[in-house]
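One structure is given below, encoded as structure tokens.
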Amino acid sequence: MEDAGSGSRELPRAYDPAAIEDRWAESWVRERLFEVKTPDEARLNELRTEGHDVFTILLPPPNVTGRLHMGHMLNQTEMDILTRWRRMRGDLALWLPGTDHAGIATQMMVERQLAEEGQQRQDLGREAFVERVWEWKRHYGGAILEQMKRLGASVDWSREYFTMDGHLSVAVREAFVRLYDEGLIYRGAYIVNWCPRCQTAISDLEVAHEEQQGDLWEIRYRVVGAPGEFVTVATTRPETMLGDVAVAVHPLDERYQKYLGRKLMLPLTDREIPVIADEWVKSDFGTGAVKVTPAHDPNDFGIGRRHGLPSIDVMDETAHMNAEAGAYAGLDRYAARKKVLEDLEAQGLLGAVREHVNTIGKCDRCKTVVEPRLSTQWFVAVNQSPKAGGDSMAELARRAVREGHIRITPEQYAKVYLEWMNNIYDWCISRQLWWGHRIPAWHCAACKQITVAREDPDNCAHCGSAEITQETDVLDTWFSSGLLPVSVFGWPQPARDFDVFYPTQLLVTGFDILFFWVARMIMLGCWFSKDVPMSDGSTREAKDTVPFREVYIHALVLDAERQKMSKVKGNVIEPVETAKRYGTDAVRFTLASMASPGTNIAFSEARTEGYRAFANKIWNAARFIFMNVEKARGAGIVVDRAALGAMPMVAADAPLEARWIVARLNSEAAEVNAALGEYRFHEAASTVYQFFWGAFCDWYLEIVKLRLDFSEGADRAAAKAELTTLLQTFEAALRLLSPFMPFLTEELWHAVYAGEPPAKSIALTRYPQGKAQTDDRAESDFALLQELIVAVRALRKEVGVGEKVAAPIRIRATRDGLPFLAHSDIIRRLARVTEIHPAATMAEGAGVRSTPQFDVQVIYEKKIDTSAESERLTKELAKQEKVLASAEKQLRNPAFLAKAPEHIVEGLKKQQAETRLLIEKTRKALEELG
RNA sequence: GGGCGCAUAACUCAGCGGUAGAGUGCCACCUUCACACGGUGGAAGUCGUAGGUUCGAAUCCUGCUGCGCCCACCA
């Protein structure tokens, strides 16, 4: 029997997400539901002919060390909603997961583990340490993906990658070699941001700037050969004076003209340093004289270069003073600062000390104060054109956004991106770590030259010497993750995956990694894909080089007090734990309903409670429906399963509520589709919520109770028709809801089909599109009916009719007759009315509710509370008069009549007429009350 | 030093040129045979502040106040 609706399994009275979620999460993975086979050309053409497309989305790879937080869950909920939606629309939807090896973070994690065993990584040696990290990764890595599985993310697990996988490492190496050969990767000694704790260079982006109250010290440098004369410099970092090689002043600064070319005696040392002129110096800052320390300050480094000065490095990699610092050697930088100041003071060389707000850079990862340090590193020359000519990487990346090949939502971030891109510096990509992609460069002991190669070389490419050793540095993690959009699809090998899935459609991510990752992907993606021909052999145009066509920047998730969640503050809301308490669907719905583009989310559990109630509401609607399906079956009435799965269609002579609910389903579905197309998750969520609860449950289900009479002598054909519409609408509503609440809808959808569903999952069915059937007449008729029912309910309350008591009503139509009387059964049931008496006049002294269309009274012996009613009416009257006054004022204004659009004027005229009528009615009612 | 965002009902947020909406909370009534994680009715906002543009402003512009964020090589 091809029937629908479950009777086989009684649904529990209250929805218990815990009872179903693990089961489905596990099943979706086991059934390989979301795996995408790379289509061949024929299949692809077929897809496109049908009006569908490939939808590829890359999961921003979480760190292997990561645990899922609310930000991830928001990000994943948004991606999952979109992916499920696109899949259900018939697109080939691929959501690709993976994890990032996260250089510093992971290395730190394992080092901490070693520390507990009383060891350091140096004790193990590089090879053993790296092996240890791999082992850690195998044991603990990727826990976050397991959490993701539990939350039902519809990703293709068969394609899961790790950024240190073999084929991805090949891509990293290829990219490095190509850029090096182009002269776009270079090695050199420059000032970089150095973290003394991590003992590695970090990029500009990995430095967090903090303002703090500090001191600006003035130090007197004796002028050689001029006893009693000094040049006073100002500095915030006195300890670096030990590495000074000059003092610079502005060339036009009159105060110092006489010292130009003279020598100064560097205090605390026996070195003499020159006074030089450089335009970079601002005469109005400090004393106008700057100590020049090329090894410890990027500006000084620049001055040093311009003037051919040496660099004296006075610190080691742990920010302790080195041998160059003489007596201060071995001291930590702050201890050295203290001692330097004391010694200067003792020698009378310390001048004024001023309070000074300065910004200090801290290591993003460990919060240690970063030291600008001269060291030899590898850089990507992002602003440089390749040898053969053409645009630089940065320029390509700017054009991609400027010319609209990549659309960023919300738009304001496009500006932020371009602003950053316009001011970008070369990217330091080397890290002094052990965990990561080792730089494929070999140093020759014989000729000192560098060999960069795809395959590990045995000999120097320049002199042939076998005495070569590999570079010890590894690459910045973002170098490999920046390549992901090309590398996951097989680049640099020619690959069908690349042809089909590149460019990806969308990137959903947080603002915090816009520069770190998004910008780098755009640079590297555009750069490397431009040489990959299209699948038909044609040259790739700029628009097809981008790594993704759209970027959606999502909100930050804050706690209910709008504070950033952090372990330190202890205000972290655990998503999986929260999902267990309220149900994953409820948490997802909370996030979706608050995910308005461009605003942050203050996550509140109160709201989640509300959506748990919503889930329960859906559950119970299902129970009610299944119960009736059972009842019908008992009477030999069975709904054909084939009627389900599409948009319900109703006959023109079907009951009003059936035509209405189907019309509503169509219009709401259209709205949801439109909202999702523009990332307005909150609108989509509130639309489905209002539809299901406010329309389907509150009105349709209540009316349907009138129709589901399957007993002998009842209109069984009508009952069956209504039951069919009910089931169809519910099934369609489940599909509409399913991207937002995948677990609950999956469970109920299977129940609708009594355990014999037409597909393995609701996720594989089609999304309601909402173009099928509209019915304005049904919507407006129903709206009038609702107005009447609400008015009667309110009157009953006023007059004091008990909840269970039914009472007659008196009704008078103002103009359009009494069309709603045709639905007296609905009025009787929903407003608890016995008889409906059409009347020409309203009775005096009884409460009246009036609308422009009708007046209505409840006939009941118990009189109303006249003073309360009079108060209400007075208030009502005041409101109406205000509305009227405002309308009249505008309608009297010739400028308004001349300039306002016609429909506004017409609307206002209508409002004016209706309000006048209402005022008249209200006044009369007040008079009658006395 | 630049740049950006936000201020709307008690709370959390929508709305972003035509006279204010939702959820939660609150008040009253109702344990009616899907659901008390429920139903019905109700109270609640001079849309931060001062100007301006407009026939019309919560909505656009400017100043101010208060929060928050990002970027930045003045020692």
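Residue numbering restarts at 1 for every chain, and letters A, B, ... go by the order of the sequence lines. Quick caveat: nothing in here was measured; it's all calculated off a predicted structure.
Figure legend: K617(A) and W619(A) shown without cation-pi pairing, the cationic atom not lying both under 6.0 angstrom from the six-membered ring centre and within 45 degrees of its axis.
For A44(B), one of the phosphate oxygens OP1 or OP2 lies less than 4.0 angstrom from a side-chain nitrogen or oxygen of K875(A). The shortest distance between the side-chain N/O atoms of W420(A) and the OP1/OP2 oxygens of C4(B) is not below 4.0 Å. Between G23(B) and K617(A), no contact under 4.0 Å exists linking OP1 or OP2 to a side-chain N or O. In this structure, R13(A) reaches the A36(B) phosphate: one of its side-chain N or O atoms is under 4.0 Å from OP1 or OP2.
Looking at heavy-atom distances under 4.0 Å, Q690(A) makes contact with sugar-phosphate atoms alone, never a base. Among the protein residues, K282(A) comes within range of the nucleic acid bases, having at least one heavy atom under 4.0 Å from a base atom. The residue W280(A) sits close to a base: some heavy atom pair falls under 4.0 Å. Within 4.0 Å of N423(A), counting heavy atoms only, lies no atom of the nucleic acid at all. At the heavy-atom level, S593(A) lies nowhere under 4.0 Å from the strands shown. Residue L701(A) is in base contact, counting any heavy-atom pair closer than 4.0 Å across all strands shown. Backbone-only contact: F511(A) has heavy atoms under 4.0 Å from sugar-phosphate atoms and none from a base. V292(A) comes within contact range of no nucleotide atom at all, as no heavy-atom separation falls under 4.0 Å. Within 4.0 Å of R793(A), counting heavy atoms only, lie sugar-phosphate atoms of the nucleic acid but no base atom. Counting non-hydrogen atoms under 4.0 angstrom, H356(A) reaches the backbone sugars and phosphates but no base. The residue Y611(A) sits apart from the nucleic acid: no heavy atom pair falls under 4.0 Å. The residue P901(A) sits close to a base: some heavy atom pair falls under 4.0 Å. At a threshold of 4.0 angstrom between heavy atoms, the contacts of S686(A) with the nucleic acid are absent. Using a 4.0 Å heavy-atom criterion, one finds that A900(A) contacts the bases of the nucleic acid, with or without backbone contacts as well.
Taking a pair to require two hydrogen-bonding distances under 3.5 Å in either a Watson-Crick or a G-U wobble arrangement, A22(B) pairs with U12(B). Within the shown strands, nothing qualifies as a pairing partner of C33(B) under the Watson-Crick or G-U definition with both distances less than 3.5 Å. Using N1 to N3 plus N6-O4 or O6-N4 for Watson-Crick, or N1-O2 and O6-N3 for G-U wobble, each under 3.5 Å, G41(B) pairs with C27(B). Of all nucleotides present, only G68(B) satisfies the Watson-Crick or G-U wobble test against C4(B), with each distance under 3.5 Å. Nucleotide A58(B) has no partner under the Watson-Crick or G-U criteria, as no pair reaches both atom distances under 3.5 Å.
Between R305(A) and Y190(A), the closest side-chain pair of non-hydrogen atoms falls below 4.5 Å. Residues R623(A) and R13(A) meet the side-chain proximity criterion, which asks for heavy atoms closer than 4.5 Å. At least one side-chain heavy atom of R581(A) sits under 4.5 Å from a side-chain heavy atom of E605(A).
For the P atoms, the distance from G18(B) to G25(B) is 32 Å, rounded to whole Å. Comparing U54(B) with C47(B), their P atoms sit 22 Å apart, to the nearest whole Å. When the P atom is used for both C26(B) and C37(B), the distance is 13 Å, rounded to whole Å. A distance of about 46 Å separates the C1' atoms of G68(B) and C30(B), rounded to the whole Å. Distance check on atom C1': U59(B) versus C16(B) gives 4 Å, rounded to whole Å. G41(B) and U62(B): their C1' atoms are spaced 46 Å apart (whole Å). Distance noted for atom C1' between U19(B) and C6(B): 25 Å (whole Å). A gap of 15 Å separates the P atoms of G39(B) and A22(B), to the nearest Å.
Closest to the side chain of I904(A), out of C37(B), G18(B), A34(B), is G18(B). The nucleotide whose nearest atom lies closest to any side-chain atom of F624(A) is, among A75(B), A34(B), C13(B), A34(B). Distances were taken from every side-chain heavy atom of K804(A) (C-beta onward) to each of U12(B), U31(B), C70(B); the shortest belongs to U31(B). Here the side chain of E803(A) is nearest to one of C37(B), G39(B), A34(B), namely G39(B). Considering only side-chain atoms of F515(A), the nucleotide from C71(B), G38(B), U24(B) that sits closest is C71(B).
In this structure, CG of D698(A) is placed 13 Å from C1' of A34(B), rounded to the nearest angstrom. Per the geometry, CH2 belonging to W699(A) stands 20 Å off P belonging to C35(B), to the nearest Å. Nucleotide G23(B) holds its C1' atom 20 Å from the CZ atom of F681(A), rounded to whole Å. Atoms CD (Q890(A)) and P (G17(B)) sit 18 Å apart, rounded to a whole Å. For I360(A) and A75(B), the CD1 to C1' distance is 16 Å, given to the nearest whole Å. As a whole-Å value, the separation of H682(A) NE2 from A22(B) C1' is 11 Å. Whole-Å rounding puts the R354(A) CZ to C74(B) P distance at 20 Å. The nearest whole Å value for the distance from the CG atom in L908(A) to the P atom in G18(B) is 13 Å.
Aromatic pair H554(A)/F681(A): ring centres not closer than 6.0 Å. Checked against the 6.0 Å centroid criterion, the rings of Y413(A) and Y417(A) do not qualify as a close aromatic pair. Between Y611(A) and Y689(A), the ring center distance clears the sub-6.0 Å criterion.
Between L205(A) and M594(A), the residue whose closest nucleotide on RNA chain B is further toward the 5' end is M594(A). Nearer the 5' end of RNA chain B, as judged by each residue's closest nucleotide, is the contact made by W693(A), out of W693(A) and N299(A).
For A34(B), the base has a donor-acceptor partner in the side chain of E702(A) [N/O atoms by modelled type, under 3.5 angstrom]. One donor-acceptor pair, N or O on each side, does fall under 3.5 Å between the base of U40(B) and the side chain of K797(A).
Side-chain atoms of Q912(A) and T915(A) form no donor-acceptor pair, as typed in the model, at a separation below 3.5 Å.
Using a 4.0 Å cut-off between charged side-chain N and carboxylate O, E803(A) and R832(A) make no salt bridge.
A side-chain donor-acceptor contact under 3.5 Å links R588(A) to the backbone of F740(A).
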